[in-house]
Chemist: 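If you scroll down you'll find the structure; I have some questions about it.
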Amino acid sequence: MPLPDEHLTYPHRSYGMDQDRYAWRPATERAPIAWPNGAALATMIVVPIEHHPLNPPGKPFKHPGAMVTPYPDLRHYTTRDYGNRVGVYRILDALKAAGMKATFPINADQLERLKPLVEAILADGHEIAAYGLSTTHIHWGGLDRETEAAWVAEARARFDAAGLQPRAWLSPARQQSFATLDLIRAAGFEICLDWEQDEVPAAMDTEAGEIIGLPLSNELDDRALTIDRRQTEDEWASQVLEAADYLAGGAGRFGGRVLGFTLTPYVTGQPFRVSALRRLLAGLGAMGVWSATASELA
Amino acid sequence: MQADPNLYDHWPYRDRPKIVWPGGKKLAFWIAPNIEYYEFDPPKNPQRPGWPKPSPDVVGYSQRDWGNRVGHWRLMELLDKYGMRGSISLSVGLLDHHPEIIEACVARDWEFFSHGIYNTRFSYGMDEAQERAVIEDSIRSVEAATGQRIRGYLAPALTHTEKTFDLLAENDFWYTCDLFQDDQPQPVKTKTGKLISMPYSLEVNDVITYGALSMSPWRYADVLKRHFDQLLEEGDKSGTVMCIPLHAYLVSQPHRIRPFEDALRHIAGHDEVWITTAREIAQHYRDNYFDQTVADIAARGLATPGTGFDHAAA
């Protein structure tokens, strides 16, 4: 029994993208961007604040960082929770010492529980972004539109209740459905951190108007590099600095670009990794990067 | 099943009331050699086999036996050299199998706490009476063999039930090593008693660093030094705790023991460190800082109702 005919028909086989969110544009053809004060590079530091419950449904897949062993997996619950109560304050201290601003996406269902942290983030002049409703509300292609719209509305309502108006959105597990961009834009989010198709801010089309995609590097993800790939914190920090140096060096030809990278509190906030974080931030500072939040970049 | 264990309240690390360890020390340091017994042919827990491979897992079994007959002694002599006493995470069954190890530790005034009966017997699926029996067996057996009343617990193979912590508190345990949410102790929300979470560690635990994260011996020593340096610096604001959980079958390997000694030498070379046991940290904390912590959490408006796995208003 051969495959159905659709496997040998190519309806989108033509110039440009096979989806209509944004047009094809090679890096050689974009108009150069000038960052404030002539900075050669902008950095977007993203500190994801996520809660991992003891009983995740694991659908459509387990969020990175979710429980591993049979219930009650206190081992993974508490090691993740460590980030939101201890590790994140080390990151805040390091950012303050380096004079750098960051964007903190936070699960909407944690706003009440982590209120002191939200206050500390705002007091230091950082930006709060939405990080979906929770790590167990993963947006994906199998989700019906009504359910997904209700999740987005609930997330927005929780931020409203907390007196916060985040402009930027990061999806739990950085996973989307085909409708996510439309739904979050309709709910008033103007910036999305899930896509990384370019090294500059990139407008994407939605049913409710344009949304700006800001590039957040997956390949430089601190959790993936140090935990999944077993690299040292110095190797991680050196790679971020290498990327920054390379991108800054090309500013004359390409204009200003954005280096977006994550600092995961339960990973980089560990005591033994903090000296590498300080070295990284000092290195970026010495390069004269523009340390910008998502809204400042967009 | 609960999403949140409710075993402790959220408590931000910033601006906490100050802890000062005895002698004005900034960091309380303790070492937890896990002295474990893994059975050759354990019964199968429905939720997890005793060994990852079919029994008998001769490589896994014999390496752990090497840890007891060779590695333990090597590690003990190294700790002797730096004047450090271990707080032993003990598979209580080992009291019967290897009394020579127990006697050597008693002679050094090392502390014992329970790590279950065997590390191949998991808590999953136990009812309250069964888990209570394990805890009471632990208290009774260690006391009979050593004269020590154990005050600490680390669940066997880190397997728990919703009742574990109430049972510990009910039996006048002072600390649990099962929670990893902080670098300072914190009261655990139990129905009775006065139980605290003692910073143990998975991040600098040799099972994780050598096993899960495949670190080289030199890399592990570097991690330990960095970890220590950061916690010592923070201990100036409020006393921190650092534990190195060890397993002789890993750390005492001939290719690892000397790099590990470098880390111990680094730690022992600092004056501001209180090198002690978990029991002494727990006692000092319970006597001086338990109430202060509860009051601070309440004053910040962060105290939530209920106790572990029970979110109902108390």
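Chain A is the first sequence line, chain B the second, and so forth, proteins listed ahead of strands; every chain is numbered from 1. Computed from a prediction, not measured in an experiment: that's the story for all the values here.
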Chemist: Heavy-atom distances under 4.5 Å only: say whether B:Ala155 touches chain A with side chain, backbone, both or neither.
Modeler: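 Interface part for B:Ala155: neither.
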Chemist: If you draw a 6.0 Å radius around NZ in B:Lys225, do more than 12 non-hydrogen atoms from other residues or ligands fall strictly inside?
Modeler: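 Yes, because the 6.0 Å sphere around NZ of B:Lys225 holds more than 12 heavy atoms from other groups.
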Chemist: Where does B:Leu179 contact chain A at under 4.5 Å (heavy atoms): side chain, backbone, both or neither?
Modeler: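 For B:Leu179, heavy atoms of backbone and side chain both lie under 4.5 Å from chain A.
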Chemist: Using a cut-off of under 4.5 Å for heavy-atom pairs, which of B:Asp178, B:Leu202, B:Thr304, B:Val204 has the most such pairs with chain A?
Modeler: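 Of the candidates given, the most pairs with chain A belong to B:Leu202.
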Chemist: Quick one: OG on B:Ser201 to CD on A:Gln270, what's the gap to the nearest 0.5 Å?
Modeler: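 CD of A:Gln270 is found 7.0 Å from OG of B:Ser201.
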Chemist: Find the distance between CG (B:Leu213) and CD1 (A:Ile227) and round it off to the nearest 0.5 Å.
Modeler: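 Taking CG in B:Leu213 and CD1 in A:Ile227, the distance rounds to 5.5 Å.
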Chemist: Check whether any side-chain heavy atom of A:Leu92 lies under 4.5 Å from a side-chain heavy atom of B:Arg14, and answer yes or no.
Modeler: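 When only atoms from C-beta onward are counted, B:Arg14 and A:Leu92 do touch, with a gap below 4.5 Å.
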Chemist: More than 12 foreign heavy atoms under 6.0 Å from NZ of B:Lys191: is that the case here?
Modeler: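 Enclosed.
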Chemist: Non-hydrogen atoms of chain A under 4.5 Å away: do they reach the side chain of B:Leu158, the backbone, both or neither?
Modeler: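 Only the side chain of B:Leu158 comes within 4.5 Å of chain A.
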Chemist: Taking side chain as everything from C-beta outward and backbone as N, CA, C, O, which of these in A:Arg278 sits under 4.5 Å from a heavy atom of chain B? Side chain, backbone, both or neither.
Modeler: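 Contact with chain B: side chain only.
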Chemist: Could you check whether any side-chain heavy atom of A:Thr79 comes within less than 4.5 Å of a side-chain heavy atom of B:Gln181, counting everything from C-beta outward?
Modeler: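 Contact flag for A:Thr79/B:Gln181 side chains = no.
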Chemist: Counting only non-hydrogen atoms closer than 4.5 Å, does A:Asp234 touch chain B with its backbone (N, CA, C, O), its side chain (CB onward), both, or neither?
Modeler: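 When you check distances to chain B, only side chain atoms of A:Asp234 fall under 4.5 Å.
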Chemist: Could you check whether B:Arg219 pairs with A:Glu233 (Lys NZ or Arg NE/NH1/NH2 to Asp/Glu carboxylate O, under 4.0 Å)?
Modeler: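 Judged by the 4.0 Å cut-off on N to carboxylate O distance, B:Arg219 and A:Glu233 do form a salt bridge.
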Chemist: What verdict does the side chain to side chain contact (heavy atoms under 4.5 Å, CB included) test give for A:Leu54 and B:Met1, after you've listed the backbone C-alpha separation in whole Å, the side-chain angles of each residue and the deciding distance to 0.1 Å?
Modeler: CA-CA 8 Å; A:Leu54 277 173; B:Met1 295 209 303; over 6 Å; no
Chemist: Report the C-alpha separation of A:Asp81 and B:Phe180 in whole Å, then their side-chain angles, then the decisive distance to 0.1 Å, and conclude whether the side chain to side chain contact (heavy atoms under 4.5 Å, CB included) test is met.
Modeler: CA-CA 8 Å; A:Asp81 198 28; B:Phe180 304 93; over 6 Å; no
Chemist: So do B:Pro5 and A:Leu74 actually touch side chain to side chain, heavy atoms under 4.5 Å?
Modeler: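 Contact flag for A:Leu74/B:Pro5 side chains = yes.
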Chemist: Counting only heavy atoms closer than 4.5 Å, note whether B:Asp229 contacts chain A via side chain, backbone, both or neither.
Modeler: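 For B:Asp229, there is no contact with chain A at all, as no heavy atom is under 4.5 Å.
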Chemist: Against chain A, label B:Phe165 side chain, backbone, both or neither, depending on which of its atoms sit under 4.5 Å from a heavy atom there.
Modeler: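 The answer is the side chain of B:Phe165.
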Chemist: For chain B, which of A:Arg75, A:Arg80, A:Met67, A:Arg113 has the most heavy-atom pairs under 4.5 Å?
Modeler: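 Going by pairs under 4.5 Å, I would pick A:Arg75.
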Chemist: Quick check on B:Tyr8 against chain A: is it the side chain, the backbone, both or neither that has a heavy atom closer than 4.5 Å?
Modeler: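 Contact with chain A is through the side chain of B:Tyr8 alone.
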Chemist: Side chain, backbone, both or neither: which part of B:Gln184 has an atom under 4.5 Å from a heavy atom of chain A?
Modeler: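 For B:Gln184, there is no contact with chain A at all, as no heavy atom is under 4.5 Å.
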Chemist: Carefully, step by step, assess B:Arg226 and A:Val274 under the rule side chain to side chain contact (heavy atoms under 4.5 Å, CB included).
Modeler: CA-CA 8 Å; B:Arg226 289 175 186 231; A:Val274 171; over 6 Å; no
Chemist: Are the side chains of A:Asn55 and B:Gln2 in touch, meaning some heavy atoms are under 4.5 Å apart?
Modeler: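 A:Asn55 does not reach B:Gln2 side chain to side chain.
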Chemist: Got a second to check how far B:Glu233's CD is from A:Ser275's OG, nearest 0.5 Å?
Modeler: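 B:Glu233 atom CD to A:Ser275 atom OG measures 9.5 Å (nearest 0.5 Å).
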Chemist: Less than 4.5 Å to any heavy atom of chain B: does that hold for the side chain of A:Asp73, its backbone, both, or neither?
Modeler: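 No part of A:Asp73 comes within 4.5 Å of chain B.
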Chemist: Report which part of A:Arg273 has an atom under 4.5 Å of a heavy atom belonging to chain B: side chain, backbone, both, or neither.
Modeler: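 Side chain only.
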Chemist: Quick check for you: to the nearest 0.5 Å, what is the distance between B:Gln230 atom CD and A:Phe272 atom CZ?
Modeler: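 If we round to the nearest 0.5 Å, B:Gln230:CD and A:Phe272:CZ are 11.5 Å apart.
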Chemist: Is any side-chain heavy atom of A:Thr69 closer than 4.5 Å to a side-chain heavy atom of B:Tyr124?
Modeler: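 Side-chain contact under 4.5 Å: yes.
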Chemist: Taking everything shown except A:Lys101 itself, do over 12 heavy atoms lie less than 6.0 Å from its NZ?
Modeler: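 Correct, the count exceeds 12.
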Chemist: Do A:Tyr71 and B:Glu162 pair up side chain to side chain, a donor and an acceptor below 3.5 Å, judged on atom types alone?
Modeler: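 A donor-acceptor contact under 3.5 Å links the two side chains.
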Chemist: Are there more than 12 heavy atoms of other residues, nucleotides or ligands under 6.0 Å from atom NZ of A:Lys62?
Modeler: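 Count over threshold, so yes.
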Chemist: Less than 4.0 Å between a side-chain N and a carboxylate O, is that true for B:Asp183 and A:Arg85?
Modeler: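 So A:Arg85 does not pair with B:Asp183 through a salt bridge.
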Chemist: If you define the side chain from C-beta out and look only at heavy atoms, does anything of A:Pro70 sit under 4.5 Å from B:Thr159?
Modeler: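 No, every pair of side-chain atoms sits at 4.5 Å or beyond.
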Chemist: Given heavy-atom pairs under 4.5 angstrom as the criterion, report whether the side chain, backbone, both or neither of B:Leu232 touches chain A.
Modeler: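 Interface part for B:Leu232: neither.
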Chemist: Counting only non-hydrogen atoms closer than 4.5 Å, does B:Thr161 touch chain A with its backbone (N, CA, C, O), its side chain (CB onward), both, or neither?
Modeler: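 Only the backbone of B:Thr161 comes within 4.5 Å of chain A.
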Chemist: What part of B:Leu224 is in contact with chain A, defined as an atom under 4.5 angstrom from a non-hydrogen atom: side chain, backbone, both or neither?
Modeler: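 For B:Leu224, there is no contact with chain A at all, as no heavy atom is under 4.5 Å.
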Chemist: Measuring heavy-atom distances to chain A, does B:Phe309 have an atom under 4.5 Å in its side chain, in its backbone, in both, or in neither?
Modeler: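 For B:Phe309, side-chain heavy atoms alone lie under 4.5 Å from chain A.
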